[in-house]
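So the structure is just underneath, and the comments pick up after that.
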Amino acid sequence: MDRRLGELLAAILSSNSFYARKFAGINPSTVELNQLPFTTKAELLANQQAHPPYGSALTFPLHRYTRMHQTSGTTTGQPLRWLDTPESWDRMLGCWRQIFELIRLRDDDRLFFAFSFGPFLGFWTAFEAASRSGHFILPSGGMSSSARLRFLIEHAATVVFCTPTYAMHLAEVAAKDGFDLAKSPVRMLVVAGEPGGSIPATRQRIESAWGARVIDHSGLTEVGPVAVECLARPGGLSILENDYIAEVIKADSNGVGELVLTTLGRVGSPLIRYRTGDLVKPVFGKNGSLWLEGGILGRADDMIHVRGNNIYPAAIEAVVRRFPEVAEFRLIVDRSESLANLRIEIECVPSADDSVLVDRIAKALKDELLFRADVARVPPGSLPRFEMKARRVVATDEHG
């Protein structure tokens with residue numbers, strides 16, 4: 001068995017009531033990872049409802065915990081709250097120090113954090129790790145997008161941390177405000193929260209607007225910073241395997257399956273065989289290292305069923321973002337009839353003048369994804385913009 005797993009189980013089973021009950025009867029010194037049941041978000045949410053407000057998946061008394069963060073609740077509507085002790089928090093900061101090395105952060109870099117510093121984990125750990133490492137850091141919570149751009153340029157930021165969607169939105173605002181981002185000192189954007197950083201069309205759109213390199217990153221509030229795109233190996237994510245045991249289950253004929261993680265460093269609030277819902281394509285190295293080709297490809301719970309077709313929003317984005325005339329888009333899933341219909345709303349950039357854009361996008365979707373969609377152009381500025389995770393899929397039970 002994995003020695004690290006045995007050490008984790010030995011450390012938690014005597015006092016973590018959630019896992020003590022879940023793993024009752026197992027011998028932590030001999031059990032193999034694949035003999036343990038999975039942990040799911042639904043299970044954790046039910047546990048927190050039964051034992052409010054933080055659940056029973058805690059290894060230590062409550063006074064040992066010093067940080068609380070929560071998920072966005074975009075999938076279930078109910079956020080999952082997660083606690084950290086000083087020790088587990090330090091372990092996650094160590095994950096970011098590894099990431100800083102892998103992306104070759106420089107001592108003279110100025111790091112700009114374009115997020116609101118709310119209760120979600122977001123880039124909190126990256127911000128604090130950078131501070132402790134002696135980097136110059138620029139917080140921008142509570143600012144408008146225009147103010148953030150002025151702040152970024154005034155302080156000569158060189159590395160920006162944000163979501164892919166917000167990177168594109170800042171570029172849109174910069175064009176309106178007369179900022180030439182490509183001439184700014186920014187040389188790198190570290191993006192997370194959505195699959196966009198590894199979607200070629202989205203990535204190219206960001207890099208072109210900013211004149212800077214995009215680095216993809218993946219993490220979850222309840223798990224921590226998990227993986228990053230290395231400069232030496234672009235086009236995918238490398239798992240931080242000193243801190244996580246990663247598995248991929250239910251792989252399809254293309255090798256795409258669900259990422260399952262066991263957290264080794266968050267002993268105070270551990271997760272064992274946690275089904276993340278993230279879809280990945282694993283590539284194993286000669287030394288057993290795991291690389292995720294194409295990064296996070298989508299989420300298992302994001303699949304849209306439309307007239308016999310199973311479609312992921314990331315696949316649609318990969319097509320739509322190839323059209324530079326598109327500023328933003330939204331997916332409307334109409335389930336008012338026995339077979340669902342999908343309408344894709346397209347908002348164009350102000351300078352766009354393409355009367356057949358809608359037909360071009362519909363044809364590209366049909367040619368590449370093999371389904372017909374109702375593509376509709378909507379007025380400029382009518383679709384929402386997002387700072388954190390974009391919510392582009394809207395389900396409705398009524399037409400229109």
Side-chain angles (χ1 to χ4, degrees), residues 1-20 22-23 26 28 31-45 47-48 54-60 64-71 79-99 120-126 128-129 192 217-228 237-249 258-278 280 282 288-290 292 296:
M1 69 171 295
D2 191 308
R3 172 187 54 80
R4 302 170 302 166
L5 175 64
E7 291 174 352
L8 176 63
L9 293 174
I12 71 170
L13 288 186
S14 62
S15 55
N16 188 304
S17 62
F18 175 84
Y19 277 112
K22 187 176 178 69
F23 295 163
I26 74 148
V31 70
E32 298 292 337
L33 182 65
N34 60 11
Q35 295 174 321
L36 297 173
F38 295 114
T39 303
T40 66
K41 178 175 281 191
E43 185 181 11
L44 295 169
L45 286 169
N47 177 260
Q48 291 192 355
Y54 307 121
S56 64
L58 301 173
T59 305
F60 306 117
R64 286 281 306 277
Y65 296 85
T66 55
R67 303 290 299 238
M68 190 286 294
H69 293 276
Q70 66 183 35
T71 63
L80 181 65
R81 299 176 175 128
W82 216 248
L83 303 185
D84 281 292
T85 63
E87 294 81 8
S88 61
W89 188 255
D90 285 345
R91 186 70 177 255
M92 288 197 293
L93 301 189
C95 290
W96 269 106
R97 286 191 287 270
Q98 292 179 59
I99 291 172
F120 43 82
L121 189 65
F123 286 112
W124 271 107
T125 42
E128 192 164 333
H217 159 65
S218 178
L220 299 167
T221 291
E222 64 272 37
V223 173
V226 175
V228 70
L237 295 171
S238 295
I239 298 285
L240 303 179
E241 294 183 281
N242 289 333
D243 292 271
Y244 302 94
I245 300 174
E247 308 168 74
V248 178
I249 63 169
E258 182 181 357
L259 182 64
V260 173
L261 294 169
T262 296
T263 58
L264 297 171
R266 278 173 116 174
V267 175
S269 49
L271 283 172
I272 299 172
R273 301 201 81 195
Y274 182 58
R275 293 187 61 167
T276 66
D278 288 335
V280 298
S289 61
L290 178 59
L292 307 179
I296 305 301

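Along the sequence shown, the residues carry numbers beginning at 1. Computed from a prediction, not measured in an experiment: that's the story for all the values here.
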If I compare all heavy atoms of [X] with all of [Y], which pair ends up nearest, and what's the gap?
X    : Y   : answer
G268 : T85 : CA-CG2, 4.4 Å
S269 : L83 : OG-O, 2.6 Å
F38  : K22 : O-NZ, 2.9 Å
L45  : P79 : CD2-O, 3.7 Å

Results of side chain to side chain donor-acceptor pair (under 3.5 Å) for [X] - residues two or more places apart only:
X    : value
Y274 : E222
T59  : N16
S289 : N287
E247 : R273

Mind checking whether [X] and [Y] have side chains closer than 4.5 Å, heavy atoms only?
X    : Y    : value
R91  : R266 : no
Y19  : L9   : no
K41  : R275 : no
T262 : T39  : no

Under 3.5 Å side-chain donor-acceptor pair for W89 and E128: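 Their side chains do contain a donor-acceptor pair, which is all the 3.5 Å distance test asks for.
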For E241, salt bridge (charged side-chain N to carboxylate O under 4.0 Å, His left out) partners two or more places apart: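 For E241 there are no salt bridge (charged side-chain N to carboxylate O under 4.0 Å, His left out) partners, ignoring immediate neighbours.
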Sequence neighbours left out, what passes salt bridge (charged side-chain N to carboxylate O under 4.0 Å, His left out) with R64? Give chain and number order.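 R64 satisfies salt bridge (charged side-chain N to carboxylate O under 4.0 Å, His left out) with E87 only.
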Does S17 reach the main-chain N or O of S56 with its side chain, forming a donor-acceptor pair under 3.5 Å?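 Checked: pair present.
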Would W82 and L271 satisfy side-chain contact (heavy atoms from CB on, under 4.5 Å), going step by step from the backbone distance to the final call? CA-CA 11 Å; W82 216 248; L271 283 172; 3.7 Å; yes
